[in-house]
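Note sheet for the following structure.
The analysis underlying the following values was restricted to heavy atoms, covering all of them including side chains, and did not include hydrogens, waters or symmetry mates. Note on naming: letters A, B, ... go to the chains in the order of the sequence lines (proteins, then strands), and numbering restarts at 1 for each one.
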Amino acid sequence: MNSTLIIQSLMAGLTNSFVYALIGIGIAVIYRGTRIINAMQGDFAVIGGMLTVFGLVSAGLPYVWACALGIAAGAASGLLIDVVCVRPMIRRQADDEAFLLLTIGLAFTISAAVLYIGGREAHLLPGIGGNGTVEIAGAFMSVHAIFLIAISLLVVCGLWLFYRKTIAGLSMIAASVDPDGATSIGINVARMRGYTFVLGGAIGALAGILVTPLISVSYQMGLGLTLKGFAAAILGGLTNPLGAVLGGLVIGLSESLAVVGLSSGYKDVVALTIMLLMMVLMPNGLLGKAGRRGG
Amino acid sequence: MSLGKRIFFGAPALAMALIGASAAAEPVRIGALLSTTGGLAGLGIPQRDGVLLAQKLINANGGVGGEPLEILMEDDGSNPDAAMTKVNTLVHSQGVKAIVGPTGIAQTVAIGSVTQPLNIPVLAFTGIGPAVENARNCVFHMTPAQGLNARALLSYAKEIGAKRVGVLHDSGYGQVIWGVMSKLGDEFGVEFVQVEKFELSASDATAQAAKVKASEPDAVIVLSSLATPFRNLRQVGLTAPIISVHGTATYEIVKAMGDAADNIVHAEFLIAEDPLPYQVEFVAEFQKEYGRLPKHFEAAGYDAVMATVAALKRASSNAAPDALCQEVRTPYQGAFAQYDFTAKDLGGLTLSSFSYSLLTKGKFSRLPFKASQ
Amino acid sequence: MTKTVLNGRLAFAAVMLVGLILPAVFERHMVDLLVYAGLYTIAGLGVGLLLGQCGIVNLAQALFYGIGAYASAYSTVTLGWSPWSGILLGIAISVAVALVIGFPLLRLHGFFLALATLAAGTIGTIFFFEWDWLTGGTLGIGGLPPLSVLGFEFNSPARFYYLVWAVVIILLVLSSNLVSGRPGLAMRALRDSAPAAEVMAVNIHAIRTKIFALSAGLGALAGSLFAHYSTYVSVESFTVQRSIVFLLIPVIAGARSIWGTVAGALFVTFVPELLSGFGDAHQMLFGIMLVLVVTLMPDGLAGIPARVARRFAR
Amino acid sequence: MNTVMTHAPVKSQPLMALRGVAHQFGGLVVLRDVSFTVSRGRIAGLIGPNGSGKTTLFNIASGFLRPANGQIFIDGRDITAASVQERSRQGLIRTFQTPKVFQHMSVRENIEMGLYATTGAGFLASMLATPGARGERARIRRDAQEVGERFGLGSHLNTRAGDLPAGQQRIVELARAYMTKPRVLLLDEPSSGLSSDEVELLRNWVRTLSNEGITVLLVSHDMGLMSVCDTVHALYFGKIIASGSMAAIQADPMVREAYLGG
């Protein structure tokens, strides 16, 4: 074991951290806006990645437009799910469990639909800034990974501003924290929930587009992404996008150190055990914010 | 009522027309149990293509002694439980004479407990596995045993003078091969300087790849059926040669490797760009039927049906299963390689069965090297 | 009142009679599927007790199913014990594991508990994979002996059918007793209102932990029976996907219904088989059916009679 | 064990006592040094404007909240650290502001739950339906039937409790609490959402229960209902500012000030 190896592992871990964080951010956004845990957030990523591949390769669109198509597809799926499934269930006041079962069922369905329509192959996208790598202290990091980290941070900043400074952002929070109160001051709660799903879907799709050049996109990768993203979000206190980044870093870095120090087969055991310990011992997340138990 | 999925090409009518049969010919039934969905579908689907091609050609040329060949196609979803259920259906309800498949090792081990007591021949797309299989003399193996795969890879490492070798393997297929390879280092003068495993479901193995790279190996052997490790090895800047087992020598996986695919060496069997004389006919027929080049999994599927039919033709049409099993047990020249089903490993492949290919821009080209015992 | 009771008994007797003759009239493949439906009823019953009576979503049942199967496989094939002791060992280990992980995790609720069980199940699958000295890893363990009672071997689907469904009926009766008895009352009470149940002196954490252990024991029993039926076990059978299938059984059936579990188990074994005729589309169709059930039928299949009755009453 | 009460003559010994109870949320002090006692079989009331600390005090008394300071006694025993279930076994039972009936259970089953603490059939006995478990269950059903009929729920015993109107749900909750044979009954805003007829019925029930020897602590805004109390304590900003009969309290200038000013 040498220092180059540790640096290399940390950089691999750093990249993974932001992948988990991006999924976690989407989960946090949807939980914050609807009090629903979305077990198909990883499948928004699959939709976004697949549609971008379709736009770029099959439809021959320029890269930017293909990405726009992917993000639009994620947003549209979010809206569709809200209108078709969530709305009727809210109307009959379904339990927490029912929403979880719904999103698990949707994850299963979307994965199967992508398999049916798009096939079982894994697809790659060219990286942003090309497929090159940069060398840092003898270790390598792809240029795209640096873009991924930068864009993730931009998303977090954007969300921070959105939720604090814009009417829409504030209304979306109000609608979930106190639906009756929000209604009484003229906020359309159902519409805000729709916006939340659109936002969550778009962030999920963006995550998918950003990870595809690194790990490729295929129909069955959704659930795995969701679980790691959820771990990141939980560590961050579940409603806080910045917290999800912090959570992602803890999960991603401890995983990569587990590979160096332990057998790599137990990588996920380490990540998930951290998540379980956090849930039991620090139920409000690393940042200690409230609003963890709600539902 | 059978709920199973049946694929039955409209060939019997054609076959009857060709041979001018007067009596309604009772089809000869064999089962094909493949993993066409689930984790092994990347292997099962090409095997199915080969199986269907063989069936079509056989029925176009008079079937099995005048009777059409019917293949009952079942998918085990890459799941050994499902394989057990399906094999029971094929054997007990459908009365198939032989089984082509399964795709996976676990499935092969599982169904052997059903077919062996009945002496029903099974032509599996796996190498001989755990000890229990040694006694199963009607389960034949269309692909090399793990020890042979390991030797083929190490032969090439030795050839290029690699002394320090890194290994990156997945937790499924790769782990099984590594189990055998780990004991062969001394025999080939190779030291395994770093061995790393990643989960079958992993979408990223960069950390493991980094660990392998950090050991500064002369060459890296990859044991996997996934594209992920190749991409990751290149991402961490590995420049040493990569030697890979035949599982990743398919156009589909190579495509998923992206830029990383260049300069990977595979120890494999069918280089369709430059086929060996005994492979030319199969490659031509396949290309005519499907409009693309086959790899060895398609060839194995084709060979399994052809070898079964050859045995059926030698046995009488109502031969008992053990007689048919006896007829399969013979040397057979396939498109995959020269088989010898009388061999102790029930497949008879040897180091000289292997060809070595180099990948350049998604195309395989033949390397001059040939391994010998 | 008495007439409906009589009708109910007659219907029950008729179903039993049909059940008795099924293996004689069905082909082997169907009997095989019915055996799996029986095994899934047992495992799904555990998940259903948690979901329907306590409101707990358990996504770790495949872990316990696996513990049962591997305990049976290892103790009979490697250690040479009798199959029945393997089954007991599997149940004992499962219950112990359930108590150890359930004690801390069952303080969580709702989504969080569900995802915690998902994580626990995923960790379990990794251990099944990594501990290949015990589980045989990818290759699995083969050659399990069939179960036998007084020299009578349950070595064909038809024979095993009677065994597994006898076990199912016993377990369903026991579970119905439990649910209509004092503990069942407490479970349903805490599901409806935990604070009010606490006021009635219900120890919420203790009762949730007990039912989790019971569910794990049922999972292990199903796993052991599966191992002896299939005579072969490998890690593929104990993945998170299998846990999701187990969870779907009570969801489809209507989680509160004990006897409905049978309908749920028949659904998850037969419907994919029927849909498999659609080729690659079948998984998608199955998924859409699930989403429709969750979205439109909160009480699952068990809710259909009530719905029909309501429609006619109008 | 506790010697604080021993000086009091047995006959008028308070069944429930709060001593110096104080609480704060973060920096916000919601209760300061609240003490009062309730004698056996008596009805005590708590009134106060919103934010006066009634609900906090009620939650502390019923065990849903631990006080920062002070102690709570039942029959001379310190129960400050006891959990809700332990308090329940001690005979301290509460109801909720929005009635918490077990919605998916029948009215009869709701009432049956009242005997949970004093019955014993466990998992195994219930699964096997042992004679003991069955006998116990039959007794529970009989008792529940009796209590249900007594509370006028006889025709609703097989109805799902969640399907009843709010007023009836209150009665179910009360019947369930009565079934436990409580020593102290804590009623949280029991009249909210009730019609005036129903409030009158409730008032009679509270009186009847008290006559049977049950000690009652009542929190309500409803002055009509509060007139049933033997003693009323007025809370204002976390302090008791007056105690006495309802009439006396209503005449108290400080209370009038608090209500009009608050």
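Atom CD of B/Gln107 sits about 7.0 Å away from atom CD of C/Glu236, to the nearest 0.5 Å.
Of the residues listed (C/Val35, C/Asp32, C/Thr269), the one engaging B/Thr85 in a side chain to side chain contact (heavy atoms under 4.5 Å, CB included) is C/Asp32, and it is the only one.
Using a 4.5 Å cut-off between heavy atoms, C/Tyr36 contacts chain B through its side chain alone, with no backbone atom that close. Looking at C/Ser237, both its backbone and its side chain come within 4.5 Å of chain B, counting heavy atoms on both sides. With a 4.5 angstrom heavy-atom cutoff, B/Thr108 does not touch chain C via any of its atoms. Interface remark: C/Phe226 contributes side-chain atoms only to the contact with chain B (heavy atom separation under 4.5 Å).
Partners of C/Pro272 under the side chain to side chain contact (heavy atoms under 4.5 Å, CB included) rule, at least two apart in sequence or in another chain, are C/Phe286. Under the side chain to side chain contact (heavy atoms under 4.5 Å, CB included) criterion, C/Asp132 pairs with B/Gln175, sequence neighbours left out.
Most heavy-atom pairs under 4.5 Å with chain C: of the set B/Asn79, B/Asn88, B/Ile105, B/Val109, this distinction falls to B/Asn88. The candidate with the highest count of non-hydrogen atom pairs below 4.5 Å against chain C, out of B/Ser78, B/Ser93, B/Ala110, is B/Ala110.
Of all heavy-atom pairs between C/Ser230 and B/Met84, the closest is O-CE, 2.8 Å.
Within the 3.5 Å criterion, the main-chain N or O of B/Ala106 finds a donor-acceptor partner in the side chain of C/Tyr232.
Sorted by first and then second residue, the disulfide bond (SG atoms under 2.5 Å apart) pairs with a member in residues 70-151 of chain B read B/Cys138-B/Cys325; sequence neighbours excluded.
For residues 244-251 of chain C, an interface with chain B (any heavy-atom pair closer than 4.5 Å) does not exist.
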